[in-house]
Amino acid sequence: MKTLAKKDINKILSIWSQKHDVLAPTKMDNGDCIFSAFDEKTFTLDYKKPPLSPKSVFFPQSEIIFRVEKNKYNEVVAAKKALIFGLRSCDMMGIRQASSFMSRDNKDIYYQARQNAAATVVMACPKAQNETCFCTTTLSGPVAKKGFDLQLYDIGDTLLVEIGSPRGEELLTGMPLAEMEESQAKQKIDEFLQNAILTIPEVKSVIDAMNKLKDRKVAEKVWDDFGAKCITCGGCAFVCPTCTCFNVYDHQQAAGEGIRLRAWDACLYSGFTREASGHNPRASQASRLKRRHEHKLLDYNNTDIQDGLCGCVGCGRCSDYCPVHIGTLEVVKAITG
Amino acid sequence: MVGLAAMFGSGAMTNSINEFDAADLFLVTGSNTTEQHPLIGTRIINAKQRGAQLLIIDPREIPLAKFADLHLRQNIGTDVAVLNGMMNVIIEENLYDKEFVTTRTENFEQLKEVVSKYPPKAVEKISGIAAADLKKAARMYAKADKAMIAYAMGITQHTTGVDNVKSCANLAMLTGHLGRAAVGVNPLRGQNNVQGACDMGGLPNVYSAYQPVIDANVKKKFEEAWKVEGLDDKPGLTITDMMNAAQQGELKALYIMGENPLMSDPDTAHIEHALSNLDFLVVQDIFLSETAKKADVVFPAASFAEKDGTYTNTERKVQLACKAVNPPGQARPDWQIICEISKLAGYPMNYESPADVLKEINALSPSYGGITLERLSKGSGLQWPCPNVEHPGTAFLHKDKFSKGLGTFMPCEFKPPAEMPDDEYDFMLTTGRIYYQFHTGTMTRRVSILEREAPEALLEINPEDAKKLGIRNKDKVEVSSRRGSLQMKAEVTERVPPRVVFSTFHFSEACINVLTNSAFDPVAKIPEYKGCAVKVRRCA
């Protein structure tokens, strides 16, 4: 198996940066880590779960999709060659599920152009990033099964390199690679996996909650209580790796000229489901929360699930960031009592 | 602010936001907390779920009311009577904190005399709150160990705004609910830096850190620092006074920064006339607001993301804000615009950066003495008072003594709102804000998703009244006061009690301030946005 020396990683990222916009874990002044443009000075391999998944690489918070100029319109399909370095397996599963959704029925050309232009380098997850990680339950970690171009295993001074695609192979051209004997490498990977799994215990109540939802045995009170608390900020959808809903807006810029944009949307907003008549089939916050969580845990399209468990990838961000504690883990807990 | 400053010596939240997590009882009045301070509102909800008590005094059934142990819905503008009634019960039933009253306060006898005139039965007649509920509320608040009052504009925007604030403070002092962590009186400030603007002397009577302009020593200090002579030692005009002076032709020029009085001030026709009467109007803003459209000169200002500096939030915490993008076009940070104007006026202000300005703030404002750029860049902010660089900042105020020494009880008599409903204008209009729009909408109405959530002004009206007037949900109605008339859709809802209607000032198409009364509090000069008389009819 191919290996890279960890001390060379800055050099490698610099080389990749010549031909790609490289996004890599970046340490901020306040101690947080985010995916940001690679910079040798702030890059780090010692990082926790970034607050946002890298979905905005494919699906920006807002983007212009076409411009109208004097009775004609020009589609804006903008994609730069990018490389996301260091994403975790949960986020890789998020990308796989979202990409499936965005190409299943109607091909979303904006999303696909960006996705085709972006390479992914996964850092296999060595341990639970915090107490809300449950990827072992959602079958999305701690190691990615597919979808990536490269996956790296940090085993000390050495990074084992798993190649996931021809593009991954190409990324390694000219890099200072070494070789590790296959059986030794396999043993190292098994050890890595065992150690990681030990720190991310299975959350059995997720399965129980899915079963209760399936059997329609969840009391409405669960949703009513959450509905009364929810402040409708939409944050759970924005941090979620598999949420890809958007709304479309037109802005006139001058006579006969304008742009059409799309921007992230969230099913927690009343306007998301309100109809032109003013009628809203999901009129209460409780019904919107119910819909959201049923979608993730019950109704997710079978194709889009890929080889995961459901429409949730177990990253735990909604539980980390919801100011009123209505994340998937809290919902599961309320459902299973 | 004026009320708390007179009684305690400082006009700001006595506690920190974190302390909401440790309180046992919240008295929320005149604050739609979950909609206007959602992150504080969520702390109250979370506290409630761990067993804290919640007492709400508010005419409207705000979303937080679902969690309340007791919700008192007083008649608009009767807050002083309600709070006096609670104090009456607390004294009558011997529930007050005698040690605190004796050792930390003055003027108790006077308070006792005034509140003795407000027994629950009498308060019931004024406020509509059942005597039994008032007693229950008084006992709940007095008996709680860690009780916190949170209030906002529902308390202050009345002709008796200062009296309302004083009554909240009287209640807290009477029960010893002050000077400890998670115990106190907390005016929730509505904007990211309104506390900072006040702290920096954005008021007509003080320099930074509330140093009075009438104080000769203060005057000398600033004259020396700024190398000038003859700084004015008389307080200037409040915004309410300015508009009146402009209307009367006494005020000739006005320079408005980041404010949109044509929408945010009461009685729009009056403001329109006042601004038209000026010889010269300058407006500095990030967008061409309704007011900016009337200006002779408009200075485009940089937005929060386009400049460096600090903000002081509702809990007195000064936090650093860093520029993310360059300002577009000719826009510049406010401080640079002001420095340029000053230079042209013959007094060069040679600040190189916001850091230079902060150095001057440190040197001249005692409570900001230790809030330096170096310290702010290292941590997540510092809370004033923070007099020197060794000082850790202050989480809660008035620990062993009040800023002014003893806390002074300032009892107030109930006075009704300036304009009460009558036969012709038979509804009480109260105004406020909604979750999805901010103030006059200068910023939020440009955000499509917020427009989708809340695209237009609605008039909340109780089903009982709607039925009488033949109004169905979303029917167009006309609402009129003695000052003007507006059309908007009705929202038929029990959120408002009978005979009360509610709307907002977010939407220029139907800005409720066309109707509001410019009557104001005699001390703070804050207008009575929360109550005036209107009539309502269904549009044909």
Side-chain angles (χ1 to χ4, degrees), chain A residues 28-32 34 36 61-62 64 221 224-235 237-238 245-252 258-280 283-286 288 321-326 330 333-334, chain B residues 17 20-21 32-50 54 61-68 319-322 324 373-374 376-381 434-437 445-456 458 472-475 489-493:
Chain A
M28 313 273 285
D29 289 342
N30 65 6
D32 285 353
I34 59 167
S36 186
Q61 285 185 30
S62 80
I64 297 172
K221 188 177 180 310
D224 290 343
D225 288 352
F226 283 130
K229 266 173 75 168
C230 177
I231 58 166
T232 324
C233 66
F238 301 146
C245 284
F246 58 85
N247 197 12
V248 174
Y249 310 96
D250 291 342
H251 282 301
Q252 188 176 353
I259 50 174
R260 175 165 290 183
L261 301 107
R262 69 172 175 187
W264 289 1
D265 203 347
C267 52
L268 284 317
Y269 300 140
S270 73
F272 186 84
T273 41
R274 192 180 59 230
E275 295 163 3
S277 67
H279 169 71
N280 194 336
S284 70
Q285 201 58 20
R288 295 192 279 272
Y321 295 108
C322 175
V324 283
H325 313 304
I326 317 181
E330 291 77 14
K333 197 172 162 203
Chain B
I17 294 170
F20 278 71
D21 294 342
N32 185 355
T33 324
T34 50
E35 295 207 31
Q36 297 308 315
H37 297 88
L39 295 181
I40 292 177
T42 59
R43 283 174 195 263
I44 296 176
I45 293 174
N46 290 333
K48 177 66 199 142
Q49 295 194 327
R50 65 158 162 75
L54 176 58
E61 196 176 337
I62 54 173
L64 203 52
K66 284 195 287 274
F67 296 90
Q319 291 170 294
L320 210 53
C322 299
L373 179 65
E374 199 195 353
L376 291 175
S377 344
K378 280 183 199 148
S380 59
I434 54 173
Y435 187 50
Y436 297 101
Q437 300 286 356
R445 291 212 65 201
R446 290 176 159 80
V447 180
S448 307
I449 207 152
L450 299 176
E451 273 297 275
R452 186 188 70 187
E453 289 306 295
E456 61 184 335
L458 296 171
R472 301 202 312 170
N473 200 28
K474 301 288 150 67
D475 274 353
K489 284 183 190 162
E491 184 180 6
V492 179
T493 170

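Since the structure is predicted, the reported quantities are computational estimates derived from the model, not experimental observations. Computation of the quantities below employed the complete heavy-atom set of this structure, encompassing side-chain atoms and omitting hydrogens, waters and symmetry-equivalent molecules. Lettering follows sequence order; numbering is per chain, from 1.
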Within 6.0 Å of CZ in Arg472(B), more than 12 heavy atoms from elsewhere: no
Separation between CD1 of Ile449(B) and CZ of Phe272(A), rounded to the nearest 0.5 Å: 9.0 Å
Distance-minimising heavy-atom pair for Ala228(A) and Lys66(B): CB-CE, 3.7 Å
Glu275(A) atom CD, over 12 foreign heavy atoms within 6.0 Å: yes
For chain A, the option from Pro38(B), Ser448(B), Ser380(B) that forms the most heavy-atom pairs under 4.5 Å: Ser448(B)
Flag if over 12 foreign heavy atoms under 6.0 Å of NZ, Lys333(A): no
Rounded distance [0.5 Å steps], CD in Gln49(B) versus NZ in Lys229(A): 4.0 Å
Taking every non-hydrogen atom, the tightest pair across Asn46(B) and Pro323(A): ND2-O, 3.6 Å
Straight-line distance of Thr232(A) OG1 to Glu453(B) CD, nearest 0.5 Å: 8.0 Å
Residue Glu35(B) versus chain A: region with a heavy atom under 4.5 Å: neither
Side chain / backbone / both / neither for Tyr249(A) at chain B, heavy atoms under 4.5 Å: side chain
